[in-house]
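Any value given below was found using the heavy atoms of this structure, including those in side chains, with hydrogens, waters and symmetry copies removed. We count ligands from 1, going down the list as the structure has it; atoms in each ligand are counted the same way. Remember, it's a predicted structure, so these values are computed and weren't measured experimentally.
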Amino acid sequence: MSARARLAWFAALLLAVTTAAASPVTVVRAAHLIDGRGGTPLAPAMVLVEDDRIVAVGARLEVPAGARVIDLGEATLLPGLIDLHTHLCSRPDVQWERELLESDPAEAALWGAHNARVTLEAGFTTCREMGPTWPYVDVALRNAIDAGAVPGPRLIVPGNYVSPTGGAGDARQFSIYVDVPIVRNLADGPFEIVKAIRTNFKHGADFVKILVTGAVLSVGIPPGAQQYTDEEIAAAVGEARRWGRQVAAHAHGAEGIKAAIRAGVRTVDHGSFLDDEAVALLARTRETFYVPTLYTSDVIVEDGPANGVPASEIAREREIRAFQDAGFQRALAAGIPIGFGTDSGVIPHGANARELRSRQRLGEAPMAGLVAATRLNAEILGWDDRIGTVEAGKLADLVAVDGDPLADVGAMERVVFVMKGGAVVRNDR
Ligand SMILES: [Zn+2]
């Protein structure tokens with residue numbers, strides 16, 4: 001072999017080696033697979049992953065030469081979980097209205113990175129972030145995760161709350177003479193709402209979060225009261241649509257819920273006082289979805305005092321808990337799709353799967369809860385072409401748990417393996 005031929009041969013070899021390293025084929029095998037579509041689980045199951053995608057799923061697949069095999073034994077494999085309601089930059093032990101006075105955006109960002117990793121390791125590979133206390137910290141977190149600088153779920157972020165003055169997102173509960181750090185999230189009237197939304201999109205937001213009614217964890221207007229008018233909500237939806245984006249509406253009270261559904265928001269979050277009329281409206285559309293957050297009740301009532309939650313806010317939760325549970329059961333009885341969200345940040349980060357247990361306790365079949373947290377949530381986000389099921393062509397977002405979540409959905413808290421976009425994040429086996 002001439003020197004030149006040898007060099008060419010060596011270059012070809014080097015190319016082959018680097019190509020192989022850049023496009024590894026991985027085969028993940030487990031005793032069971034719940035693929036997110038709601039059908040009978042596959043047993044046993046093999047998933048062939050190439051780069052960031054799933055290329056084949058079957059009971060028995062041929063293992064390509066040189067493929068890495070990850071054998072998860074008796075575990076149950078599922079799609080990466082999706083949470084439609086997280087607050088990664090917040091902590092349950094720091095009351096958010098106080099946060100503005102006692103912390104800063106840097107602290108929120110660092111804790112956001114920590115909470116993002118904890119959430120990913122708990123099996124949540126995609127989250128719709130529902131707002132940071134400090135505006136646009138969520139945008140920075142999303143970007144850092146996408147760039148691979150910090151581990152975390154794929155994020156869809158709102159940048160900043162859009163809240164009415166004196167409403168659920170108005171943290172400035174002080175004398176009008178007291179100025180607090182500038183958090184420009186208050187918008188009243190269609191004009192200001194449109195401006196706030198444009199500002200958020202300009203600064204990197206993916207969607208709009210509006211606060212249509214009062215909140216539990218806020219000293220402002222009570223949770224049941226509608227605060228944004230029908231006209232204001234319509235202005236938000238209209239502006240978001242012009243950008244091709246969605247609106248998520250924080251809504252507890254029945255009138256606010258119904259106004260938001262009629263205006264065409266994508267989700268009504270919490271939906272505490274969901275009544276028959278609201279359920280009927282939701283049943284008629286596949287445009288708006290109800291996303292309850294039930295486990296929050298346990299945490300606010302039980303851990304609230306230790307976490308510095310004001311007594312008035314704990315009392316609010318006690319009052320509406322029975323309504324929240326009844327609303328969920330009403331939706332369940334009607335058979336409408338129920339999205340999955342947790343309000344993590346109110347509940348501890350990484351405990352997101354507990355919400356499934358709260359739903360099971362109220363009568364939801366474990367499979368329905370699992371489909372909600374995977375395929376249905378992907379549909380709600382408009383990302384069902386990418387995530388939500390274990391099927392060829394989808395991103396390789398996989399999670400494996402110990403035990404059978406169909407027998408006891410609590411098994412979803414025993415995560416042993418997480419893969420996001422083909423990269424192994426966690427493997428305890
Ligand atoms: Zn929330």
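Under the 6.0 Å distance and 45° angle rule, Arg245 counts as a cation-pi partner of Phe201.
For residue His250, no N/O/S atom approaches the Zn ion (ligand 1) to within less than 2.8 Å. In summary, His87 places an N/O/S atom under 2.8 Å from the Zn ion (ligand 1), meeting the contact criterion.
Checked against the Zn ion (ligand 1), the N, O or S atom of Asp343 at the shortest distance is OD1. The atom of His85 that is an N, O or S and sits closest to the Zn ion (ligand 1) is NE2.
Judged purely by atom type and a 3.5 angstrom limit, Arg154 has no side-chain atom pairing as donor or acceptor with the backbone of Thr126.
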Inset, instruction - Give the intermediate values and the outcome of side chain to side chain donor-acceptor pair (under 3.5 Å) for residues His250 and Asp269. - result: CA-CA 5 Å; His250 157 108; Asp269 289 62; over 6 Å; no
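The two atoms that bring Gln227 and Pro164 nearest to each other are OE1-CG, 3.0 Å, heavy atoms only.
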